[in-house]
Amino acid sequence: IMQQPTQNLPFNFKEVFKLSNLGLNPELFKFGSVTFESQKYICVKDAADCAIIDTTKNFALERKPMKAEGILMHKSENIIALRATQGAKTVIQVFNLETKAKVKQFDVNEQVRYWRWISESKLGIVGKTSVYHCDINDQAPPAKIFDQEGKFANAQIMNYGVDSSDKWCFLIGIYQGANNAICCHMQLFFTEKRQQQILEGFAACFTDMPVTEANDYKNSLFCFCEKKAGEQTQRLHVMEIGNPAPGQQKIKKTADIQVQQEGDFPVLMQDCPKYGVLFIITKMGFLYMYEVSQAALLYRQKITDQLCFVSTRNANTDGMIVINRTGQIFSINVEENNLIPYINSVNFIPDNKTLSFKLAQRFHLPGADDLFLLMFNQKLAASDYAGAASVAKDAPGTLLRNIETINKFKSLPQTGGPPPLLIYFNALINSTTLNQVESIELVKPVIQQNKLNLVENWIKEKKLTMSDELGDIIRQANP
């Protein structure tokens, strides 16, 4: 069992608000009655009423009489989607509450079991037998994306997700198995080739984040927690669904999930691409934090005794906002200043020192300064100038991106290839914007070589940081 470490934790966790403070009936705080499509709005369906809570206005509540059986607030705008069953079909209407205008009305030719916003303009709609997408910005009818596997007929739909390329979808449904066990179907569908895979698991997400040595390349990943019917072992899978970075293998990682209480299983999952981690919350209120590239467990802790039934991304922090059955709203965020020192200091994480350095390099995180300096000097000593330049490029702030580093490269001996200083500037300018000092130090020799057109191109491409000194240098060459 993982012990509570004495050092600072890699995440922070706090209660933000209680829905019960708004006088809402606590019986409504459950899946199906509460929707939480983004951090802006929480929607609570209460019989013929709908309570819309704007979290950006100190959780201001507005009640509206609405008989629709399903209500979804838009992710960011004051737009509401309503659905009602009419015989064998479902009617969906979308209204702009600001202008009181109807944005769109359309029919789905079957009863709808689940729906959610899958982008700023598209609704994902799960019917009895098929899954549809509908764009509210045009008047086209809903497009059928795929047919559900027959197994989903008697399942309760819990989640539906679409990746950033709009080519991959997953559908999750729970059902009662043998001996009243809660079991789960997951359908992963690839729209481009009309291919599917049937899995067993309760929680999943798509994400785009760098997970290989190519730090500037975002890998498209599908992460899911697998629990096969009749098996005790539960596993986290991370699999690459897009093309790998040039020269890299497709990533595929698996880790056993160490469940703390019998009968527990993951119910919610949230990716944090800013830090390369995943948050998972289980039915019994345990929070698990995983590093994605290695599927390495970083931390786990019980955070609540109540079922957490809905969550969304915190767009400001890339963290997770969760609501439980008592109406408590929690925020869970990566503690940026603690993440790298924490991984560096705990020995249950395999090869933790290498992992902490790679994460610091990949996501420009603080806490690994000594490792960056050590690695930089080792590369220079081995005449690996490109490697040293890469370390300097990914180091936080001006730890290595300063005049001292530039002077070091100026003084290095030639090795038969390009001048060391050119190797350094090439590594930077190909992937980032040069800071003020770097911009001046690069432009000076380039102008001496009468290559003003290069400077003009870099300015157009926003590769240089402009300053009075740099402006003077350029004006002297081109009055």
Side-chain angles (χ1 to χ4, degrees), residues 2-14 16 205 207-219 221 223 236 238 251 253 255 257-258 266 268-281 286-303 311 313-322 330-376 390-401:
M2 190 184 302
Q3 298 300 308
Q4 177 90 4
T6 53
Q7 67 276 22
N8 290 331
L9 298 180
F11 73 98
N12 60 63
F13 163 74
K14 64 180 180 186
V16 180
C205 72
T207 186
D208 298 290
M209 63 172 75
V211 288
T212 63
E213 301 306 311
N215 290 335
D216 300 314
Y217 185 89
K218 285 186 179 179
N219 303 80
L221 308 170
C223 309
L236 169 66
V238 177
I251 185 170
K253 299 287 178 183
I257 299 169
Q258 305 298 327
L268 299 172
M269 184 189 286
Q270 176 76 59
D271 62 316
C272 304
K274 187 178 175 184
Y275 302 103
V277 302
L278 274 180
F279 287 127
I280 295 168
I281 296 178
F286 283 87
L287 170 70
Y288 289 70
M289 183 178 179
Y290 281 90
E291 191 280 328
V292 176
S293 73
Q294 299 302 314
L297 179 65
L298 303 181
Y299 191 73
R300 73 166 166 253
Q301 177 183 322
K302 187 160 182 126
I303 58 169
S311 67
R313 179 186 306 281
N314 184 330
N316 304 323
T317 63
D318 217 21
M320 186 178 195
I321 309 171
V322 184
F330 298 111
S331 75
I332 304 162
N333 294 303
V334 172
E335 194 64 71
E336 185 171 301
N337 292 323
N338 293 352
L339 180 61
I340 300 304
Y342 170 82
I343 296 172
N344 216 17
S345 65
V346 291
N347 55 18
F348 62 83
I349 299 171
D351 203 5
N352 62 317
K353 306 280 186 201
T354 304
L355 182 61
S356 64
F357 175 70
K358 284 186 174 177
L359 278 184
Q361 194 176 27
R362 203 170 277 153
F363 298 103
H364 307 287
L365 299 174
D369 289 8
D370 292 347
L371 285 169
F372 274 103
L373 293 168
L374 176 69
M375 194 71 72
F376 176 74
S390 180
V391 172
K393 171 178 72 78
D394 294 325
T398 56
L399 178 71
L400 284 167
R401 291 182 58 182

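Quick caveat: nothing in here was measured; it's all calculated off a predicted structure.
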For this session: Would you name the heavy atoms of Phe279 and Asn333 that are closest together and state the gap between them?
Result: CZ-C, 4.0 Å

For this session: Report yes or no: does Asn314 contribute a side-chain atom to a donor-acceptor pair with the main-chain N or O of Met320 at less than 3.5 Å?
Result: no

Problem set entry | Heavy-atom side-chain proximity of Ser311 to Ile281 below 4.5 angstrom | no

For this session: Go through the steps for Val322 and Gln270 under the test side chain to side chain contact (heavy atoms under 4.5 Å, CB included), then give the verdict.
Result: CA-CA 10 Å; Val322 184; Gln270 176 76 59; over 6 Å; no

Seminar exercise, completed: Here the pair of heavy atoms bringing Met269 nearest to Leu236 is CE-CD1, 4.1 Å

Problem set entry | Side-chain touch Pro350/Gln294, heavy atoms, less than 4.5 angstrom | no

Show me the donor-acceptor pairs, under 3.5 Å and distance only, between side chains in residues 362-370 and residues at least two apart or in other chains.
unit_1	atom_1	unit_2	atom_2	d
Arg362	NE	Thr212	O	3.3
Arg362	NH2	Thr212	O	3.3
His364	ND1	Asp394	O	3.3

Exercise. Can you find a heavy atom in the side chain of Ser390 that is under 4.5 Å from one in the side chain of Asn215?
Worked result: no

Problem set entry | CA sep, side-chain torsions, deciding dist, call: Arg300, Gln258, side chain to side chain contact (heavy atoms under 4.5 Å, CB included) | CA-CA 10 Å; Arg300 73 166 166 253; Gln258 305 298 327; 3.5 Å; yes

Problem set entry | salt bridge (Lys or Arg N to Asp or Glu O under 4.0 Å) involving Glu213 - partner list, sequence neighbours excluded | Lys358

For this session: Nearest 0.5 Å please: distance from the CD atom of Glu291 over to the CD1 atom of Ile343.
Result: 6.5 Å

For this session: Looking only at non-hydrogen atoms, find the nearest pair between Phe330 and Val16 and report the distance.
Result: C-CG2, 4.2 Å

For this session: Give, for atom OH of Tyr299 and atom CZ of Phe348, the distance between the pair rounded to the nearest 0.5 Å.
Result: 9.0 Å

For this session: Starting at CD1 of Ile303, measure out to NZ of Lys14 and round the result to the nearest 0.5 Å.
Result: 14.5 Å

Seminar exercise, completed: Rounded to the nearest 0.5 Å, the CG atom of Asp208 sits from the CG atom of Leu221 at a distance of 7.5 Å

Exercise. What is the distance from atom CG of Asn316 to atom CD1 of Ile321, rounded to the nearest 0.5 Å?
Worked result: 8.0 Å

Exercise. What heavy-atom pair brings Ala360 and Ile340 nearest, and what distance separates the two atoms?
Worked result: N-CD1, 3.7 Å

Exercise. If you take all heavy atoms of Tyr290 and Ala295, which pair is closest and at what distance?
Worked result: CD2-O, 3.8 Å

For this session: Answer whether the closest heavy-atom distance between the side chains of Lys253 and Val211 falls below 4.5 Å.
Result: no

Exercise. Which atom names give the shortest non-hydrogen contact between Val346 and Asn352, and what distance separates them?
Worked result: O-ND2, 3.0 Å

Problem set entry | Lys353 (side chain) donor-acceptor with Asn344 (main chain) under 3.5 angstrom | yes

Seminar exercise, completed: One should read off an interatomic distance between Asn338 CG and Phe11 CZ, to the nearest 0.5 angstrom, of 11.0 Å

For this session: Only pairs at least two apart or in different chains count here, so list each salt bridge (charged side-chain N to carboxylate O under 4.0 Å, His left out) that has a residue in residues 270-281.
Result: Asp271-Arg313

For this session: Given side chain to side chain contact (heavy atoms under 4.5 Å, CB included), test Leu278 with Cys205 step by step and report yes or no.
Result: CA-CA 9 Å; Leu278 274 180; Cys205 72; 3.8 Å; yes

